[in-house]
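Every heavy atom of this structure was used, including side-chain atoms; hydrogens, water molecules and symmetry mates were not.
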Amino acid sequence: MSSGTPSGDRYLDFVNGPVGGLLAKRLGLPTPVRLVRNGDRAAKARPVLVGAAKGARLLSALAVNFAGQHVVSFYHHDAESWREAAEEHGLMSGRFGERSGRVGALVFDASGIETVDGLGALYRFFHDSIRAVCPNGRILVLSIPPESAGTAEAAAVQRGLEGFTRSLGKEARRAIAVQLIEVAPGAEAAIGSTLRFFLSPGSAYVSGQVVRIDAESGQYASGTTRRTVLVTGAAQGIGAAIAELFSARGDQVVVLDVPAMADKVAETATRLNGVGLPLDITAADAADAVLQHARSCGGFDVVVHNAGITRDRTIARMERAGWDEVMAVNLRAPLRITEKLLAGGGLRPNGRIVCVSSMSGIAGNPGQTNYALTKAALIGLVKRLAPAAREAGATINAVAPGFIETRMTAAIPFMVREAGRRLNAMGQGGRPVDVAEAIAWLADRDSYGVNGQTIRVCGQSLLGA
Amino acid sequence: MLSAAAPRRVAIIGGSRIPFARANTAYAELSNSDMLAGALQALVDRFDLHGQRLGEVVAGAVLKHARDINLTRECVFSTTLSHETPAYDIQQACGTGLEAAILVANKIALGQIDCGIAGGVDTVSDAPIALNDGLRKTLLRAGRARSVGGRIAAFGGARPSMLKPELPRNAEIRTGLSMGEHCELMARRWNIARADQDALAVASHRNLHAAYEAGYLNSLVVPFEGLSRDNNLRPDIDPGKIAAMKPVFDRRAGTLTAANSTPLTDGAAVVLLASEDWARERGLPILAYLRAGEAAAVDFVRGDEGLLMAPVHAVPRMLSKLGLSLQDFDFYEIHEAFAAQVLCTLAAWEDAEYARERLGLAEPPGAIDRAKMNMWGGSLATGHPFAATGGRILASLATMIDRRGSGRGLISVCAAAGQGVVAVIEK
């Protein structure tokens, strides 16, 4: 959707219009900035401002990745080492100063910080540069997993970066997204897909997240063949958006949804030039049927467990059936299918499994004890299965959407809906495509280093951690 | 004046420039000092010259404010170079940048200095607007008056028409014709077809775009004020649209258009030159050597010669001293003031009669391989901040030669008032 078209969020449209913008400014009303997503008017590629603390380990990997994308960069005066890295890799770069103009992103390599004093470099960089970031900009802090630090002080300092980035996300506003990316020693070369995603418009609604990259892709280097992608609950809504994105990127999608929606399944599959698979995933033989389909097409490259239902009631009013159905669709089905695919060779080498969790599973929500349980369970599932997945040359991760504008949320009463929309750092709801983009990143051939994690797509919601 | 045991080779270490911007766009609010200091600092950053005292910094601007009497020296103060680095300004119209390099190179060759920076800057956006000459004279007269009455009498000569300011004009003082009008005359004299001019303009844009895409210019250009490429560049230039444009200098029968003439541009470029020893001691690269330079002028006022034809004379004079022919080059950088100027130059070099009568040569210098000309784009695409162009071309050509490993390049820059500055660099 282009930036000029209505978003379904009238307040957002109003304050981004000529009259509303003026009025909101005069009245001091919050003015959320319209998010720029992939496919929106080609935003001008702006330079990246790079900063680094002494002992930074990731600059060379950063330069390799930037060189492939013609990234123009500035270096903060504390980061002469970036000038050298950029020059070595043939990148255009210049010293950051008052004549640098606006930048599209800040990237700070904090991997070398081991002491409290060393944090001064972090302060100097962001103090000098935060105002130079343009709306819809990106901020990435690169660090190491705290437990891999050599001393207690270093571990504390590295863990502290999480509080820093989360606060920065809430301060930056203007649709600027902030992430902390922990890169384990030895995994430096694997940062490519994650860097690309978090510097791209695709990550517009992901902010305040901590992502860990802890393995090199090794033998699972990137390929170019067309991949087969199974998306459950794909006939409509977020599932359809996920299938659309994979299809648009040239993958073959398998559109799975309940037999009751067979027509819709067929329609979506045809539209996306994919395959329809009408199937009740709660049926006793569902996992076998999925595995069989996998074998018939040479295995899935990507499996997205998106199918989910709500049967909202407070626990006292909830009927047993409502509890059981949610358990069956949201938790038992992805559990059984995943186990079956992993054990039965239904996943091709360098395969990807992504579960769709929810902010409810992290923060809790009245009336959703059943739903939140299943969504939190998926977080536990991916964490537990991560080592097994890696052994099979695959990864398993989850995304946890926050307030996403769908037909479901459009039916929520006005005041509750407004609260859901506004109570995040972006001041607006996300779109199904935001969830799809995050899944596509986790499913990227080069995202082998990201495993067992849950990434929120919530615009840095105030709810939950 | 030889201060060394023998003349020394002059190494071109590298160059820095800011992206060039069409007038009244990205750098509309900037001064010459802002831009020159920006390019200088980038060069200092790149070669880690912080706190170093260089032999000298020489630069200039064609359009200059009266207050900028020490433009270059003031810019040195704005950088992290040692503030004990001497500097001076020069001005030779569009030849300024290349002439500055020749001056610095000569001192290095003679052993007077070991290293220096040469360059230039220009802004059309921040052009000097002077007081009306009548008003200025009135004020001076009043200042000279000894009595109050005398002052009142002096001001009595003031007229409302004197409030009209004096704007800088792109016209030759002695003919009143603009440079474009002069170039139209040249194009007519040499029968330069409109289609050939347009083709040269298209090639200029395509070559510059390809050079940026290949990353060739990454070591030469620094991002500045929101630009990382020259904003005159049209990557997807449409030859059809170019062909449809109306002539601007002779609206009836002319062939020069806004597309095959350089636009008014703001920008700055500088080049670091040094002796081989100075470069080696610091582990700095040597892209190429500046081997020779030459300037020439033609009498376009009374003589029957085109305003921008001086390089045609300068090049053969220089080559005869070096014992080289026009074909002994791997690269040609012919400044594209106008596509027609380049094509007139090439045509004149091929013309036997012109060679005999004007250049005093038995044989014409001959044709060049056009594929070797302006390979990373020329001024038509890049833009042309007058004094900055010499530095841009010198650093680009040296980088081309360095990428190739070895080779020889010719630079030819035409300038206002019938002048031309040319040079040879090689490795």
Worksheet item: Any idea how H76(A) and F125(A) line up, ring-wise: parallel (<30°), tilted (30 to 60°), or perpendicular (>60°)?
Response: perpendicular
Practice prompt. Please step through side chain to side chain donor-acceptor pair (under 3.5 Å) for the pair H384(B) and T389(B), ending with a clear verdict.
Written response: CA-CA 6 Å; H384(B) 171 42; T389(B) 291; 2.5 Å; yes
Practice prompt. Report the relative orientation of the aromatic rings in H83(B) and F77(B); use parallel for angles under 30°, tilted for 30 to 60°, perpendicular for over 60°.
Written response: perpendicular
Fill in: Closest contact, heavy atoms only, S100(A) versus R95(A)
OG-O, 3.6 Å
Fill in: Lys/Arg N to Asp/Glu carboxylate O, R73(B) vs E56(B), below 4.0 Å
no
Fill in: Side chain, backbone, both or neither of Y212(B) within contact of chain A (heavy atoms, under 4.5 Å)
both
Fill in: chain A contact via L30(B) - side chain, backbone, both or neither, heavy atoms under 4.5 Å
side chain
Worksheet item: What part of R99(A) gets closer than 4.5 Å to chain B, counting heavy atoms only: side chain, backbone, both or neither?
Response: both
Worksheet item: In terms of heavy-atom proximity below 4.5 Å to chain A, should S228(B) be classed as side chain, backbone, both, or neither?
Response: both
Fill in: Part of E213(B) within contact of chain A (heavy atom distance under 4.5 Å)
both
Fill in: Part of E98(A) lying under 4.5 Å from any heavy atom of chain B
backbone
Worksheet item: chain A: which of V222(B), D45(B), V221(B) shares the most heavy-atom pairs with it under 4.5 Å?
Response: D45(B)
Worksheet item: Taking NZ, NE, NH1 and NH2 as the nitrogens, is one of them in R22(B) or D230(B) under 4.0 Å from a carboxylate oxygen of the other?
Response: no
